[in-house]
Student: 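Dropping a structure here in structure tokens format, bear with me for questions.
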Amino acid sequence: MKIVSQKEIAKNIFQLILQGKLVSEIERPGQFVHMKVGEGIDPLLRRPISICEIDCENQSMTCIYRTEGKGTTWLSKKQQGEYINVLGPLGNGFPVQMKSGKVALLIGGGIGVPPLYELSKQLRNRDIQVIHVLGFRTKSAVFLTEEFQRLGDTYIVTDDGSYGEKGFVTDVLKQQNFDFDRLYACGPTPMLKALEQKFPEKEVYLSLEERMSCGIGACFACVRPTKDREDKKGYRKICSDGPVFQAGEVIL
Amino acid sequence: MKIVSQKEIAKNIFQLILQGKLVSEIERPGQFVHMKVGEGIDPLLRRPISICEIDCENQSMTCIYRTEGKGTTWLSKKQQGEYINVLGPLGNGFPVQMKSGKVALLIGGGIGVPPLYELSKQLRNRDIQVIHVLGFRTKSAVFLTEEFQRLGDTYIVTDDGSYGEKGFVTDVLKQQNFDFDRLYACGPTPMLKALEQKFPEKEVYLSLEERMSCGIGACFACVRPTKDREDKKGYRKICSDGPVFQAGEVIL
Amino acid sequence: MNRFSVALPGLQLKNPIMPASGCFGFGREFAEFYDLSILGAIMIKATTVEPRYGNPTPRVAETPGGMLNAIGLQNPGLKKVMEEELPRLSQFDVPIIANIAGSTVEDYVSVAKEISEAPNVHALELNISCPNVKHGGIAFGTVPDVAKEVTKRVKNVSRVPVYVKLSPNVTDIRLMAKAVEDGGADGITMINTLTGLRLDMKTGKPILANITGGLSGPAIKPIAIRMVYEVSQTVNIPIIGMGGISSAEDALEFIYAGASAVAVGTANLIDPFICPKIITDLEQLLEKLNIDHISDVCGRSWKHGISGYHCP
Amino acid sequence: MNRFSVALPGLQLKNPIMPASGCFGFGREFAEFYDLSILGAIMIKATTVEPRYGNPTPRVAETPGGMLNAIGLQNPGLKKVMEEELPRLSQFDVPIIANIAGSTVEDYVSVAKEISEAPNVHALELNISCPNVKHGGIAFGTVPDVAKEVTKRVKNVSRVPVYVKLSPNVTDIRLMAKAVEDGGADGITMINTLTGLRLDMKTGKPILANITGGLSGPAIKPIAIRMVYEVSQTVNIPIIGMGGISSAEDALEFIYAGASAVAVGTANLIDPFICPKIITDLEQLLEKLNIDHISDVCGRSWKHGISGYHCP
Ligand SMILES: Cc1cc2nc3c(=O)[nH]c(=O)nc-3n(C[C@H](O)[C@H](O)[C@H](O)COP(=O)(O)OP(=O)(O)OC[C@H]3O[C@@H](n4cnc5c(N)ncnc54)[C@H](O)[C@@H]3O)c2cc1C
Ligand SMILES: Cc1cc2nc3c(=O)[nH]c(=O)nc-3n(C[C@H](O)[C@H](O)[C@H](O)COP(=O)(O)OP(=O)(O)OC[C@H]3O[C@@H](n4cnc5c(N)ncnc54)[C@H](O)[C@@H]3O)c2cc1C
Ligand SMILES: Cc1cc2nc3c(=O)[nH]c(=O)nc-3n(C[C@H](O)[C@H](O)[C@H](O)COP(=O)(O)O)c2cc1C
Ligand SMILES: Cc1cc2nc3c(=O)[nH]c(=O)nc-3n(C[C@H](O)[C@H](O)[C@H](O)COP(=O)(O)O)c2cc1C
Ligand code: FES
Ligand code: FES
């Protein structure tokens, strides 16, 4: 896909806009793409990055990523007009079918925030009320907050209190005691676990991460066991069965 | 070093002008540089490329190379303003000390032609008469001929006769029976061997090629045995003892 | 595609390119990308008697020019493979090579006996080399007599030719090759992965939950080529070569080394279209190099003369 | 540089970084680039009783993320090394580890006896693993009893501690390690190169005149790390780790695996400044990771707890 633009929107956080036919195949928010980083054999594997926003008209999509290691650092050096080898869209994403007027609570942690943005937009289009609770490490790592605010109530916390409230997303939940019909979350596993435990009776969708190689369901790299021991398969592939699962489906 | 310009001057033959401090350390024509091609581990090794022309004033130098495999193909895609990791100057090059008025015969084959250009210029500066005999595979692979013509008589042959005379450089020698004081040559080994045999009595300098890794004399990759069996070491390293040797010093 | 057809025990290959076991699942996912009938064959994921869940995650880690995997032979078990996967694959005009694994000789025999009856299974591939399973795996693949024994027992019950997949984690792979040939193997597939380890910079601990994993990808190619070169001069049965293939040039290098056909593993995980691409490119490469038939250059690295020989 | 000093048998290292044998000659060339006294130690090129010319060229070939070499132990012979190379190196404040090779046990003994008397030689490194020499090399490095025997014999005559360099081309490297420990080795260096092969696309023939060569460089790192991990849990003598190191992170990964110090080989051939660079970077890396002393994290991959242990 062609790079339409790339910019650093927070410390080590990059917003990348890509254009290509792949966009028209995206079915749901929460799907991801698998990017070839580097031209040769090192890095060898693709890198999974969530789709953050779709612009069907321009056949473009936005990804937001943090530079972690070799692959994402390489990616951050690519410039407008250059091409990137992208496989996707992959995975199943978040279900958005919901009655209008209902309330959805969207909870994101750090680099788990991006896929919630397209989700929020699509829910709003269906006249669903959205509430966002977003957690970041520190002020310099905060991004996309204004965009979320435009779509609905948005609560921001940082680990060190340098932006928004100090604390974790779960602290906000304790304080606010939101009334909601469905919860969506993406972020670090401990956060997802906490949410799963906190709302056993609710309809909760969690987007998971796992080390991948193929990203298409062929290699069995990204498997997690199901909670249900009687489950026919006993496992789910994060890449092709997920990355979004209903809370309780797989063991976190 | 910084790329000042890069252009394709014949089919798959590129002229690359590089700028950097390294230039001021070049001592003789026939020295080479060792270029890192690719950013990562594949290709892993540097590539040896001869210095074709030096421009001390602008601290720049020209290299001419043919795209052979992965490394040179990568190099050919680099553009003006980009940087290349270059080690050098390496090796010893051609001796240019010679009385003015003498005649030097310069014989180049294919991609062995470039280092002869700086050599010819420096010989001309010393008022030495230069005669060039340059051989190429075919018309589309011919380069630098006008530049050589400006410095002295220049005979061109191609294997298929599509440019200049048909035949090998040795055919020109047979026909012309040049009178000369010293011979310099760079090109494929069979050509060098033929020249060595043809002029056993003459002062002949040959520039050799060998697969290298370090290029600085440390790894013993590029060794050739000496002709003299009583030689103290019994071998020479092409990279650090050469790449130029007097005919008869090493076994070709 | 005539310069491409290769006849091996049990296998009439349209071309010498097939996906390697474990890197193609049971073909389901790749069938969404292209028509599997264009492949020379398909090596399906290792099948065991009972379903296996495999190792905990992380199961993969990247290395310079390669990757480590410790999937742990996850598979749905013999019954499911026989009832679902193989029948589904029968819609494609392509021979299946069934990769079978187990912890005991009896395991191998049970799977071999049953799976070799599936109509589209044209050959078995005994995975005696998978380094990820604590029991069995290592020993079968590194002790010549044990390898010979399991080969013999499987040959006794199999209805189709048996290929044995060799592990590179041995001092002298020729001894292993000779042993399985003596055990009656119809062919050899090689190499499986080399055992490797990667540690996390921050914690200092292994990245893989299983600690070690199998190294595959371009990094291992020169080792694989060396081993094919050695084994092809040692045995009289054909070799399907693999290890780091990601281009037509790589494939041809294995043929030169002495393989009659090749398998592509890790590269499928990076580019799902790699097998069709290699098939197309290889045809052009042969054209360019004036090679009339792929089998003409099998073993060219060690055979005298330039062509006319056929492997083995 | 205090968090960096490492004490090993015979060696008081300023820092745990040294160039590996064969990738640094006798230091001459690198001395033009930087002051060799900054190095932890120097492993000089293999020395044999008589001068050796080595193999015909080509002697090197590139592979994905690695290279093959078949230099063939070219060296000026014991006499020249004693009279010229070692005295020249004595201008630098750096301990020398003399890599010694031979075709017979007697060869090793002769070189060991004499070279261990050189004042700046602080340790020997027995190269029983060089895969390039037709006779001796392979057997010494792959048969435990033979390795033990040569170690013992060399220990008997050496005035300095003896490290044995292990070959990775074996089924179980722990057996080799145990054998040389039993033979009296003071330490182990590992790994030497893996045997590999590359074929030319046009001719189909081996690129190296020697046919096979030793694979080194980043490609082999995960195999080296795995082996250091295994051996450091098996023996009670320290390990100098090597194989594909080209950054401070790589160096630290070997320490985590169980090495007490590390050697850098192939990377010197690509960047002559790599050793000083790694020394500087490693200091910063330790700072960043809050590691007080390099020895605190030796073997962290398998030791319980986070620090406080020293290797071995
Ligand atoms: C479904 C999915 C969606 C993701 N979406 C995003 C996103 O939108 N933005 C973003 O910044 N990051 C996202 N990640 C994480 C992202 O894939 C990793 O940060 C990235 O792979 C790191 O690569 P690297 O080369 O920079 O790091 P390295 O540490 O050099 O990577 C080494 C290897 O580990 C793998 N790896 C490292 N961290 C992770 C991780 N957290 N998850 C999975 N594999 C990992 C890499 O893919 C690679 O194979 C997502 C991960 C998954 C699984
Ligand atoms: C002293 C010296 C000076 C040279 N000067 C020039 C020059 O001015 N212009 C030019 O076009 N070429 C020159 N060459 C040849 C040039 O180095 C090779 O063409 C180049 O290394 C090929 O690299 P590649 O990655 O494109 O090919 P690949 O075939 O992919 O290279 C694979 C490996 O083989 C080595 N190799 C391949 N061909 C040669 C060769 N002919 N000589 C040495 N090593 C080789 C490469 O360096 C690399 O390590 C010179 C070689 C030497 C030794
Ligand atoms: C993710 C993964 C899973 C694998 N699973 C199997 C397997 O189930 N059975 C088997 O015999 N080999 C298995 N292998 C080994 C490959 O079939 C192949 O032998 C090896 O990876 C070398 O080839 P490559 O470098 O092309 O990947 C697996 C390899 C990978 C990377
Ligand atoms: C060109 C070259 C020459 C080598 N010569 C020797 C040698 O003489 N003695 C020895 O013990 N090891 C020798 N080795 C092996 C290295 O010392 C080292 O063990 C191996 O290359 C792995 O480390 P690396 O990947 O950092 O290169 C040589 C390696 C190379 C690349
Ligand atoms: S990454 Fe291969 S199955 Fe999920
Ligand atoms: S290339 Fe290393 S000595 Fe010449």
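Convention: sequence-line order gives letters A, B, ...; per-chain numbering from 1.
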Student: Within residues 46-54 of chain A, which positions have a heavy-atom distance to chain C below 4.5 Å?
Tutor: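 Result: A:Arg46, A:Arg47.
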Student: If you measure from SG on A:Cys214 to CZ on C:Phe30, what distance do you get to the nearest 0.5 Å?
Tutor: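 Reported to 0.5 Å precision, the distance equals 6.5 Å.
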Student: Rounded at 0.5 Å granularity, tell me how far CG in C:Asn268 sits from OG in A:Ser213.
Tutor: 10.5 Å
Student: Which atom pair, heavy atoms only, marks the closest approach of C:Pro272 to A:Leu87?
Tutor: CG-CD1, 3.8 Å
Student: Within the 4.5 Å heavy-atom criterion, are A:Phe220 and C:Asn75 side-chain neighbours or not?
Tutor: no
Student: Rounded to the nearest 0.5 Å, what separates atom CG in C:Asn69 from atom SG in A:Cys219?
Tutor: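 Output value for this atom pair is 8.0 Å.
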Student: Does any backbone or side-chain atom of C:Thr63 lie under 4.5 Å from a heavy atom of chain A? Answer side chain, backbone, both or neither.
Tutor: backbone
Student: Just checking A:Arg137: does its CZ atom have more than 12 heavy atoms from other residues, nucleotides or ligands closer to it than 6.0 angstrom?
Tutor: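 Atom CZ in A:Arg137 is not crowded, with 12 or fewer foreign heavy atoms closer than 6.0 Å.
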Student: Among residues 203-212 of chain A, which ones touch chain C with a heavy-atom distance under 4.5 Å?
Tutor: A:Glu210, A:Arg211, A:Met212
Student: So for atom OH, which belongs to C:Tyr34, do other residues, nucleotides or ligands contribute more than 12 heavy atoms lying within a distance under 6.0 Å?
Tutor: yes
Student: Rounded to the nearest 0.5 Å, what separation is found between the CD atom of C:Glu32 and the OG atom of A:Ser240?
Tutor: 10.0 Å
Student: Please determine, among C:Gly66, C:Ala61, C:Ala219, the option with the most heavy-atom pairs under 4.5 Å with chain A.
Tutor: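 Maximum pair count with chain A is reached by C:Gly66.
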Student: Under 4.5 Å from any heavy atom of chain A, what part of C:Pro58 do you find: side chain, backbone, both or neither?
Tutor: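 Both parts, backbone and side chain.
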Student: Around atom NZ of A:Lys198, are there more than 12 heavy atoms of other residues, nucleotides or ligands at under 6.0 Å?
Tutor: yes
Student: Who are the side chain to side chain donor-acceptor pair (under 3.5 Å) partners of C:Arg88, not counting sequence neighbours?
Tutor: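 Scan of C:Arg88 (side chain to side chain donor-acceptor pair (under 3.5 Å), adjacent residues dropped) gives C:Glu85.
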Student: Taking NZ in A:Lys139 as the centre, count heavy atoms belonging to other residues, nucleotides or ligands within less than 6.0 Å. Is the count above 12?
Tutor: no
Student: Taking all non-hydrogen atoms of both residues into account, name the closest pair between A:Leu45 and C:Met67 and its distance.
Tutor: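 Result for this residue pair: CD2-SD, 3.9 Å.
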Student: How long is the span from the CG atom in A:Leu44 to the OG atom in C:Ser216, to the nearest 0.5 Å?
Tutor: 8.0 Å
Student: Would you find more than 12 non-hydrogen atoms of other residues, nucleotides or ligands less than 6.0 Å from C:Glu50 atom CD?
Tutor: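 No, the 6.0 Å shell around CD holds no more than 12 heavy atoms from other groups.
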Student: Look at atom CZ of A:Phe168 and say whether more than 12 heavy atoms of other residues, nucleotides or ligands are closer to it than 6.0 Å.
Tutor: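 Not buried by this count: 12 neighbours or fewer within 6.0 Å.
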Student: Top residue by heavy-atom pair count (under 4.5 Å) with chain C, among A:Pro225, A:Gly215, A:Gly234?
Tutor: A:Pro225
Student: What are the residues of residues 30-43 of chain A, in order of number, with any heavy atom under 4.5 angstrom from a heavy atom of chain C?
Tutor: A:Lys36, A:Ile41, A:Asp42, A:Pro43
Student: Around A:Lys78, counting heavy atoms of other residues, nucleotides and ligands shown, do more than 12 lie under 6.0 Å from its NZ?
Tutor: yes
Student: Does NZ belonging to C:Lys79 count more than 12 external heavy atoms closer than 6.0 Å?
Tutor: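 Result for NZ/C:Lys79: open.
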Student: Shortest non-hydrogen contact from A:Arg224 to C:Tyr53?
Tutor: C-OH, 3.4 Å
